[in-house]
Asks: 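Questions regarding the structure given below will be posed in turn.
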Amino acid sequence: MTTTLIRGRTLSFLRWPDRIDDHTAYRYEEDGAVLVRDGKIAASGAYADVVAEAGPDVATVDHRPHLLLPGFVDCHVHMPQMQIIASYGAELLDWLNTYTFPEETKFRNAQHGRRIARLFLDEMIRQGTTSVVAYCSVHKESAEAFFAESHDRDMLNIAGKVMMDRNAPEGVLDTPQSGYDDTKALIETWHGRGRQHYAITPRFAITSSPEQMEMAQALMREHPDLHMQTHLSENHAEIAFTQELYPWSTDYTDVYERYDLLGARSLFGHCIHLSEREADALSASGSVAVFCPTSNLFLGSGLFDYQRFRQREKSLRIAAATDVGGGTNYSMLRTMDEAYKVIALNGEKLNPLGSFWQVTRGNAEALSLVDRIGTLEPGTDADIVVLDARATPVMRLRMETVASLAEELFLLQTLGDDRAIAEVYVSGKPAKTTMVTVDP
């Protein structure tokens, strides 16, 4: 049995923090510790209490004065798009046709898929993200590469091969039957293997025919415990084209409703331009609207109404995500910095406690995995991020005047990036300082 005591200032959330001074929403220890046994959290709390439980001679890693939080969770990200991040001058549909689809044709080459999967998960770890919900390409090999790399690192990740059989180049198309067969084979091989989870992944209604949507429906009926991920209401042109392709639909959401794809494990990326009927449908089904602020701004898609969706009478479950490569970086810190600005443009504010709840426990709750990730509770997986609020000269200078935990968190969110990630633990093992990227 491997036992490690990780010491530092510990912070973990219990629920959504209503106010910046809502101290009952979280547990914070100025001198805290997390006891890890065989990849699980055995205890957490005040150092004096945890060290007494640990017993003598336990190996200790002291990260003081840094903050220890649950590892960040990213609920919507495109693994094959690493080499098109920072591509100029297009809105959603043009961006897909000009950059995304040509790039994803490269994943026919299994070696390319393995290389990008490795570099992608390296980058996630470097940014403090320990769990992602990833889109692979249409090629079965790309999902194989992702899961193999994730399994080797003992990460808890959710991913799926996209299903798309129309309105894209030949090199990124499957068929309704091959999409079903490849997905079924990947589920059998990878779902539940180690910490791997499979997400059934029809890319979006524009690139899936009614016949393929029926196949996605069949897969969800056969595997009701799986996640489902797709895109919804990101861009006005996308919405109009979807209604042309499905003229019988009341609205965009109605397409997914008709094929029984709404539900508590269904993740809908973007959800910017929802009607009240659509928001009600997502709320009633427990579906998750995924907020991707950097890509929504970069592609000019619109402003996600975070606080209204959260506070409306029929509230929505919400997650947050980077969405790379339509997004502009891989960091959940940078993502929540942009989220703050988007929410401010809608006339509201997101307090920093709410930001860090969102990227830890909040996203874990959205994935129905809070019993595994997103907290420092005993019995959960020991995925931990160590944050250094003095990582850069500018941050050090600002920290001289910081007088509260909330101010420190806001500094990390506003000025922090990968340099603020001092260490990352995956299943209790250090993953950042031991990471070696060899890439010719």
Side-chain angles (χ1 to χ4, degrees), residues 4-15 17 19-36 41-54 58-73 127-130 331-333 336 351-362 364 373-378 380-392 394-426 428-433:
T4 306
L5 186 68
I6 306 171
R7 187 177 185 179
R9 297 158 55 226
T10 57
L11 174 63
S12 183
F13 291 91
L14 306 173
R15 59 170 174 78
R19 307 175 313 280
I20 202 166
D21 60 350
D22 187 0
H23 304 301
T24 64
Y26 60 89
R27 290 195 183 104
Y28 171 71
E29 295 289 345
E30 185 68 23
D31 186 6
V34 179
L35 181 64
V36 177
I41 295 175
S44 65
Y47 172 74
D49 296 333
V50 177
V51 75
E53 183 171 341
V58 66
T60 300
V61 183
D62 193 343
H63 286 292
R64 292 177 298 170
H66 301 336
L67 279 166
L68 307 182
L69 282 85
F72 298 148
V73 180
Q127 301 287 352
T129 298
T130 53
S331 167
M332 293 307 292
L333 296 175
M336 295 315 293
N351 79 64
L353 295 169
S355 292
F356 281 84
W357 170 88
Q358 184 67 75
V359 300
T360 58
R361 185 184 187 109
I373 57 175
T375 77
L376 299 180
E377 294 297 312
T380 62
D381 299 351
D383 296 339
I384 300 166
V385 62
V386 183
L387 300 180
D388 177 7
R390 296 173 177 83
T392 69
V394 169
M395 294 172 75
R396 282 195 297 275
L397 184 64
R398 177 65 177 93
M399 276 295 289
E400 291 179 11
T401 62
V402 164
S404 69
L405 175 64
E407 288 183 4
E408 182 179 357
L409 293 175
F410 196 60
L411 181 156
L412 281 161
Q413 170 185 322
T414 307
L415 299 178
D417 53 27
D418 58 292
R419 293 168 293 179
I421 310 301
E423 182 56 284
V424 180
Y425 293 87
V426 173
K429 297 177 181 178
K432 184 175 182 182
T433 54

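Quick note: residue numbers are just sequence positions, from 1. Since the model is a prediction, treat every value here as computed from it, not as a measurement.
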Asks: Is there side-chain contact between I6 and H63, with heavy atoms separated by less than 4.5 Å?
Replies: yes
Asks: Do M395 and L411 have side chains that get closer than 4.5 Å, going by heavy atoms?
Replies: yes
Asks: Does the side chain of L14 reach to within under 4.5 Å of the side chain of R27, using non-hydrogen atoms?
Replies: yes
Asks: Considering residues, nucleotides and ligands other than R15, do more than 12 of their heavy atoms fall under 6.0 Å from its CZ?
Replies: yes
Asks: Decide yes or no for L67 and L409: does some side-chain heavy atom of the first lie under 4.5 Å from some side-chain heavy atom of the second?
Replies: yes
Asks: Identify the heavy atoms of A54 and L35 that sit nearest to each other, and give their distance.
Replies: CB-CD1, 3.6 Å
Asks: Can you find a pair of side-chain heavy atoms, one from R19 and one from L353, that are under 4.5 Å apart?
Replies: no
Asks: May I have the step-by-step check of side-chain contact (heavy atoms from CB on, under 4.5 Å) for L387 and I421, ending in yes or no?
Replies: CA-CA 5 Å; L387 300 180; I421 310 301; 3.5 Å; yes
Asks: With side-chain contact (heavy atoms from CB on, under 4.5 Å) as the criterion, how do R7 and D31 come out once you've worked through the C-alpha distance, each side chain's angles and the decisive distance to 0.1 Å?
Replies: CA-CA 7 Å; R7 187 177 185 179; D31 186 6; 2.8 Å; yes
Asks: Are the side chain of R361 and the backbone N or O of T375 linked by a donor-acceptor pair below 3.5 Å?
Replies: no
Asks: Determine whether T360 and F72 make a side-chain contact, defined as any pair of heavy atoms from C-beta on separated by less than 4.5 Å.
Replies: yes
Asks: Going through the distances and angles, do T130 and V385 end up as a side-chain contact (heavy atoms from CB on, under 4.5 Å)?
Replies: CA-CA 8 Å; T130 53; V385 62; 5.9 Å; no
Asks: To the nearest 0.5 Å, what is the distance between CD1 (I373) and CG (D381)?
Replies: 8.0 Å
Asks: Any chance CZ of R398 has more than 12 other-residue heavy atoms, nucleotides or ligands included, within less than 6.0 Å?
Replies: yes
Asks: If every non-hydrogen atom of T401 is compared with every non-hydrogen atom of E407, which pair is closest and at what distance?
Replies: O-OE1, 3.8 Å
Asks: CG/L376 to OG/S44 distance, rounded to the nearest 0.5 angstrom?
Replies: 5.5 Å
Asks: Does the Q413 side chain pair with the main chain of M336, one donor and one acceptor, at a distance under 3.5 Å?
Replies: yes
Asks: In Å, rounded to the nearest 0.5 Å, how long is the span from CG of L333 to CG of D418?
Replies: 9.5 Å
Asks: With heavy-atom distances below 4.5 Å as the criterion, would you say the side chains of L405 and F356 are in contact?
Replies: no
Asks: What pairs of residues pass the side chain to side chain donor-acceptor pair (under 3.5 Å) test when at least one of them lies in residues 383-392, not counting sequence neighbours?
Replies: R195-D383
Asks: Might you point out which heavy atoms bring S331 and Q127 nearest each other, and give the distance in Å?
Replies: CB-OE1, 3.2 Å
Asks: Is the closest side-chain heavy-atom distance between Y47 and L5 below 4.5 Å?
Replies: yes
Asks: Work out which heavy atom in A406 is nearest to a heavy atom in I20; give both atom names and the distance.
Replies: CB-CG1, 3.7 Å
Asks: For residues G374 and A364, report the shortest heavy-atom separation together with the two atoms involved.
Replies: CA-CB, 3.9 Å
Asks: Find the distance between CG (L68) and OG1 (T10) and round it off to the nearest 0.5 Å.
Replies: 6.5 Å
Asks: What heavy-atom pair brings V34 and I384 nearest, and what distance separates the two atoms?
Replies: CG1-CD1, 3.9 Å
